[in-house]
Amino acid sequence: MGSAKGDEYLSTLRHSAAHIMAQAVKELFPGVKLAIGPSTEEGFYYDFDYEGTFSEEDLPKIEARMREIVAQDLPFIREEMAKEEALRFFQERGESYKVELLEEIPDDRVTIYRQGDFVDLCRGPHVASTGEVKAFKLLSVAGAYWRGDERNRMLQRIYGTAFPTEEELKAFLDRLEEAKRRDHRRLGKELELFSTHEEVGPGLVIWHHRGAMVRWLLEEFERREHLKRGYQFVVGPHILKAELWRRSGHYDYYREHMYFTEVEGQEYALKPMNCLAHIMVYRSRQRSYRDLPLRLFELGTVHRHERSGVLHGLLRVREFTQDDAHIFCRPDQLHDEIRGILDFVQEAMELFGFSFEAELSTRPEKSIGTDEDWERATKALREVLEEEGFSYEVNEGEGAFYGPKIDIKLEDALGRKWQCATIQCDFSLPERFDLSYIGADGSKHRPVMIHRVILGALERFVGVLIEHYKGAFPLWLAPEQVRVLSITDRHIPYGEEVCRRLQQEGVRAEGDFRNEKLGYKIRQAQLEKVPYMLVVGDRELEEQKVAVRSREEGDLGAMTLEAFLEMVLPHCGIPSLGGR
RNA sequence: GCCCACGUAGCUCAGUGGUAGAGCGCUUCCUUGGUAAGGAAGAGGUCAUCGGUUCAAUCCCGAUCGUGGGCUCCA
């Protein structure tokens, strides 16, 4: 990351690159209309309206034309113009999108930028001339709705990136390659973690033994941590009567994401969220203020009908399991509960080596509940964020339909951001289900409900972990922790004995006793990211030792099995967070 | 859902309007070899599915399903 000034220059450079691309496209494809073309965090894009279509094959052609424009070193010329004049100007050129944009500009005067024959409505700034844009590359073509609204016409977007130097561009492209290498979909197949199948259906994951082990370890970790923090475990059904979803508001507000079925003339819905069963637990008896907070936890599997175009490996699926909990508390406890959750999140993220940032989302247009409720919940979330010293962004109108929320975006080893944890206040469901507790004053009061997940969807979290660790899970999460390698057939019995001993100690050990050369077995174990390899041959058999090789550090020499166990056992088990 | 691509052996990918190929993997045999690939032989594909054009389609066209890159949406 450069300085603030450096970032500014970078975005100016990229914005200028976008103009150069637009010029090239207009020259190569007559009839193209310009929409918008900003810089982004990773580069730039320009949206075009064109009767034909662009494909990836057009990119080299456009790039070549761009290089010519760069070689001409055309100055970027800023001009001020009366708005009326600009309107006429763009109208004459048939640039209807620019006209639409102009009509919304309140000022009387606007600026345009020219390079050569190309003119664009633009606030600027730009670099001095096209010659300054040297290191750039076009990356992809995509569809994009005009103004990001799917009711509008779909435009054609071309993405590219630009940097001050070729070296920086190359570093960026290398990083894209690196991301491809650690793509969880690729590693998931190579490491036998999971698979998806056309015959099964899109967005539905099948966990293979290794992936299932990672998941099981995470689940076990979750159970222990939740138990430590005063959560109670509950389990709810997968289908619940549609009538219940009507009462909760999901039927009205979330219907398009739900699957329905009919049983004996009754309409049922496959749960897209776990909250209703938890509410039923709360309602099963009279609650006292002394019972609160009631923290109900469930590794809850939910089904959501996601639109086909959004599915992506493990990161966006149609069936997933959340580490979900609902906390029912008194309004005066809200603050401490939110704090407890944020502490939990913070400790968990540290364990996995993620940094993260918080986002506070406020009331959306489509929502239920009173203004007063929304205000109170938003305030509580904001207060805790500030007391805990979290830096956070506010996303106006991005909250759930039932309440405001804090989303935690974690950042992986490549600096990419993922949403996992979320904390959502809810004043609506307690109202709709008429939840109450008897206060110290002997009268009924309304509890507050918090929906929260720590790792979020396990599918997504495992996907992020795979990419974060490049498939090389830390010892405690490695599906196979140790592999015992025999050198020749006569070492097999000893190898089996070593393997058994390890398994008895709770170490996940497997043997590779095939008739293959040691180098071959090591290569395979390395590629499969097994943390430790134990080689057994004549020398080890003789001395009753094992030759230890670490995935990261290579050959560690021979030692007794006891010495090896002493070294690794402390790191083999499921870790425990510090807690509050 | 929308825009653009793609779908060939278990995997990664070549290829052609005249019924298909490589590497890895798999099987068998030889080899018993000390820290990232020992050798040989063999098996394996209705070229995603359905329809159309054509004397002839894996290849051209259309639809469907699935996947990828985006948009919108989201854990």
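Below, each value reflects all heavy atoms present in this structure, side chains not excepted, and no hydrogens, waters or symmetry copies. Naming: A, B, ... by sequence-line order, numbering from 1 per chain.
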Please confirm whether any donor atom in the side chain of [X] sits under 3.5 Å from an acceptor in the base of [N], or the reverse.
| X | N | answer |
| --- | --- | --- |
| A:Glu306 | B:rA75 | yes |
| A:Asp538 | B:rG34 | no |
| A:Glu256 | B:rG1 | no |
| A:Arg460 | B:rC74 | yes |
| A:Arg307 | B:rU72 | yes |
| A:Tyr145 | B:rG1 | yes |

Strictly under 3.5 Å: I want the nitrogen or oxygen pairs between protein and nucleotides 24-28 of chain B, one per line.
residue	atom	partner	partner atom	Å
B:rG25	OP1	A:Tyr520	OH	3.0

Checking base pairs now: Watson-Crick or wobble, both atom distances under 3.5 Å. What partners [N]?
| N | result |
| --- | --- |
| B:rU19 | none |
| B:rA41 | B:rU27 |
| B:rU72 | none |

At under 4.0 Å between heavy atoms, what does [X] touch on the DNA or RNA strands: base, sugar-phosphate, or nothing?
| X | result |
| --- | --- |
| A:Gln419 | sugar-phosphate |
| A:Gly309 | base |
| A:Arg185 | sugar-phosphate |

**Prompt:** Are the ring of A:Phe320 and the six-membered base ring of B:rA75 within the stacking cut-offs of under 5.5 Å and under 30°?
**Reply:**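 It does: the two rings, one from A:Phe320 and one from B:rA75, meet the stacking criterion.
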Run the ring-centre check on [X] versus [Y] and record whether the distance is less than 6.0 Å.
| X | Y | result |
| --- | --- | --- |
| A:Phe297 | A:His226 | yes |
| A:Tyr494 | A:His491 | no |
| A:Phe354 | A:His468 | yes |
| A:His257 | A:His305 | no |

**Asked** Do any side-chain nitrogens or oxygens of A:Lys189 fall under 4.0 Å of OP1 or OP2 in B:rG10?
**Response**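 Answer is no, no contact under 4.0 Å.
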**Prompt:** Is the distance from OP1 or OP2 of B:rG69 to the nearest side-chain N or O of A:His312 less than 4.0 Å?
**Reply:**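 Yes, such a contact exists.
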**Prompt:** Got a donor-acceptor contact below 3.5 angstrom from the A:Arg318 side chain to the A:Glu306 backbone?
**Reply:**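 Yes: the side chain of A:Arg318 pairs with the backbone of A:Glu306.
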**Prompt:** Just by distance, do the side chain of A:Gln544 and the backbone of A:Leu541 share a donor-acceptor pair under 3.5 Å?
**Reply:**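 The answer is yes, because a donor-acceptor pair under 3.5 Å joins these two groups.
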**Prompt:** For RNA chain B, whose closest nucleotide is more 5', that of A:Leu518 or that of A:His305?
**Reply:**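 It is A:His305, whose closest nucleotide lies nearer the 5' terminus.
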**Item:** Distance-only side-chain donor-acceptor flag, A:Thr422 / A:Gln424, under 3.5 Å
**Value:**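 A:Thr422 vs A:Gln424: donor-acceptor pair found between side chains.
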**Prompt:** Any idea which of B:rG1, B:rC71, B:rU32 is nearest the A:Asp489 side chain?
**Reply:**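 Closest nucleotide among those given: B:rU32.
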